[in-house]
Amino acid sequence: MPEILEAEVARCLIEAAALDRPIQDVHAPDPWFLKGGCTPAAVREALVGRRCTRARRRGKLLCCDTDRGGPTLGLHLGMSGRVIVDGTAAGDPLRYAPNGEDPAWVRFGLRFADGGHLVLRDPRRLGAVRLDPDEDRLGIDAFSLRLGDLRPLLRASRAPVKAVLLDQSRIAGLGNLLVDEVLFRAGVDPARPARTLDPAEQRRVARAVSDTLRILGRRGGSHTGDHIEARRPGGRCPRDGAELVRRTIAGRTTYACPVHQR
DNA sequence: GATGACCTGTGA
DNA sequence: TCACAGGTCATC
């Protein structure tokens with residue numbers, strides 16, 4: 001599913017292919033998909049005639065600024081959303097999500113005056129579009145997370161370390177798969193109360209976040225982790241061969257190695 | 001901070 | 001036919 005890596009790929013696609021093209025029409029066939037109280041008519045009114053000037057990202061949220069004082073268009077991919085510009089989709093096929101092309105899955109689109117279009121396709125309908133999203137509700141972007149940012153977050157919480165890493169208001173961008181991969185690499189049990197991590201473990205987690213984003217980013221997304229293939233009942237740890245333990249932590253399915261994640 | 005609802009395609 | 005996947009939000 002889309003996490004920060006998929007969002008970044010989508011941002012790059014928008015930046016490369018959708019900026020500075022006048023918006024001629026807005027396609028919003030699914031009012032439910034529009035959040036923050038806006039309607040298809042309001043979005044059309046706000047965007048038609050403008051151009052996107054910049055594509056930014058904070059965590060998993062895509063922000064497209066528009067010209068002449070227009071609103072920022074916020075796009076969220078939910079768990080199955082993909083951005084498509086002129087028929088080209090960003091990134092690899094998604095795991096746990098359909099990858100077909102059913103037109104009914106198009107939840108939102110911009111048609112440009114030149115005839116091209118930007119589309120958000122989301123079979124599961126858990127994505128969202130809104131105008132002027134509140135970006136400050138999100139914490140520090142995971143790409144810029146440093147040990148000095150992470151340490152106080154961990155020290156301040158009795159919740160499982162996994163819950164802290166998943167909390168978008170503290171660290172923006174990490175989803176279920178990336179967090180499991182990070183803790184796998186760091187050798188830390190996801191259920192450990194965050195504040196019980198010692199300085200060496202804090203360092204390993206901070207390092208694992210940046211390593212994981214860099215390495216999986218190069219490989220092509222959050223579904224390319226070392227840990228992912230073992231992510232099934234009976235799966236074995238690729239590091240030491242132990243059978244992974246499946247639990248629910250922070251409300252999410254969690255796989256961890258009972259031998260080296262302590 | 002934890003839990004369940006939201007939504008729907010997939011695979012058993 | 002049904003459990004399950006998961007990001008986010010409302011509610012406890």
Side-chain angles (χ1 to χ4, degrees), chain A residues 1-11 29-38 57-63 74-83 91-108 120-130 133-139 141-142 153-183 190-196 216 221-225 227-235 244 246-255:
Chain A
M1 70 303 319
E3 300 185 30
I4 191 170
L5 297 172
E6 288 73 23
E8 175 61 12
V9 170
R11 188 200 68 77
D30 185 356
W32 189 88
F33 208 75
L34 305 177
K35 309 296 181 184
C38 68
R57 181 192 54 70
R58 179 136 162 194
K60 306 168 190 170
L61 174 69
L62 296 168
C63 297
L75 304 176
H76 201 291
L77 303 178
M79 72 165 281
S80 64
R82 304 190 79 182
V83 170
D92 288 351
L94 297 170
R95 192 180 177 94
Y96 300 134
N99 285 288
E101 302 201 355
D102 191 330
W105 293 340
V106 171
R107 311 296 176 188
F108 184 79
L120 180 45
R121 184 168 65 208
D122 180 12
R124 297 279 156 87
R125 265 179 109 210
L126 283 172
V129 170
R130 67 179 69 212
D134 182 2
E135 301 171 42
D136 291 330
R137 296 178 62 234
L138 297 169
D141 188 84
L153 295 177
L154 295 177
R155 294 289 307 162
S157 176
R158 283 179 234 269
V161 57
K162 173 160 180 169
V164 173
L165 297 180
L166 277 175
D167 181 351
Q168 304 297 300
S169 72
R170 294 195 268 223
I171 302 167
L174 303 180
N176 198 38
L177 294 185
L178 285 177
V179 167
D180 274 10
E181 177 77 15
V182 162
L183 293 172
R192 283 268 301 283
R195 66 191 311 178
T196 68
L216 272 56
S222 51
H223 59 291
T224 62
H227 167 272
I228 190 103
E229 286 312 319
R231 200 182 170 74
R232 54 187 165 75
L244 297 187
R246 180 190 192 276
R247 288 169 290 178
T248 297
I249 299 172
R252 314 237 66 98
T253 300
T254 302
Y255 287 90

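Chain identifiers are assigned alphabetically (A, B, ...) following the order of the sequence lines, protein sequences preceding nucleic acid strands; residue numbering begins at 1 within each chain. Remember, it's a predicted structure, so these values are computed and weren't measured experimentally.
- When the P atom of C:dA10 is taken as reference, atom CZ of A:R137 falls 8 Å away, rounded to whole Å.
- Using a 4.0 Å heavy-atom criterion, one finds that A:P233 contacts no nucleic acid atom at all.
- Remark: C1' of B:dC7 and CG of A:L34 are 16 Å apart, rounded to the nearest angstrom.
- Listed nucleotides: C:dT8, B:dG1, B:dC7. Nearest to the side chain of A:L126: B:dC7.
- Protein atom CZ of A:R252 is 12 Å distant from nucleotide atom C1' of B:dA2, rounded to whole Å.
- The side chain of A:R246 has C:dA5 as its nearest neighbour among B:dG1, C:dT8, C:dA5.
- Using a 4.0 Å cut-off, some side-chain N or O of A:W105 falls inside it from OP1 or OP2 of B:dG9.
- Here B:dG1 presents its P atom at 16 Å from NZ of A:K162, a figure rounded to the nearest Å.
- A:E3 and A:K60 are not joined by a salt bridge, as no carboxylate oxygen comes within less than 4.0 angstrom of a charged side-chain nitrogen.
- For the helix from B:dG1-C:dC12 to B:dA12-C:dT1, the end axes, each set by the C1' atoms of five terminal pairs, are bent relative to each other by 50° (nearest 10°).
- The side chain of A:P123 has B:dG9 as its nearest neighbour among C:dT8, B:dG9, B:dA2.
- Residue-level contact check: A:G78 touches the backbone only, with heavy atoms under 4.0 Å from sugar-phosphate atoms and none from bases.
- Taking atom NZ of residue A:K35 and atom P of nucleotide C:dT8, one finds them 13 Å apart after rounding to whole Å.
- One can place CD1 of A:I249 at 14 Å from C1' of B:dG1, the figure rounded to the nearest angstrom.
- Across A:L166 and A:A250, no two heavy atoms sit closer than the pair CD1-CB, 4.3 Å.
- One atom, CG of A:D122, and another, P of B:dG9, lie 11 Å apart when rounded to the nearest Å.
- Between A:D167 and A:K162, no side-chain nitrogen of the basic residue sits less than 4.0 Å from a carboxylate oxygen of the acidic one, so the salt-bridge criterion is not met.
- Residues A:R58 and A:L138 share a closest heavy-atom pair of NH2-O, 2.6 Å.
- For A:H227, the ring pair (Phe, Tyr, Trp, His ring centres under 6.0 Å) test picks out A:F184, with sequence neighbours left out.
- In this structure, of B:dA2, C:dC9, B:dC6, it is B:dA2 that holds the atom nearest to the side chain of A:P160.
- Residues A:G221 and A:L5 share a closest heavy-atom pair of C-CD1, 3.8 Å.
- Across A:R107 and A:D122, no two heavy atoms sit closer than the pair NE-O, 2.8 Å.
- Remark: P of C:dA5 and CG of A:L77 are 21 Å apart, rounded to the nearest angstrom.
- The 5' end of DNA chain C is approached more closely, in terms of each residue's nearest nucleotide, by A:T253 than by the other of A:L138 and A:T253.
- Within the nucleic acid shown, A:R195 has no heavy atom closer than 4.0 Å to any nucleic acid atom.
- A:H76 has no side-chain polar atom (N or O) that falls below the 4.0 Å cut-off from OP1 or OP2 of C:dG7.
- As judged by a 4.0 angstrom heavy-atom cut-off over every strand, A:R232 is placed among residues making no nucleic acid contact.
- Put simply, A:R124 has no side-chain N or O that comes within less than 4.0 Å of OP1 or OP2 on B:dG9.
- For the residue pair A:E135 and A:L61, the shortest heavy atom distance occurs at CG-CD2, 4.2 Å.
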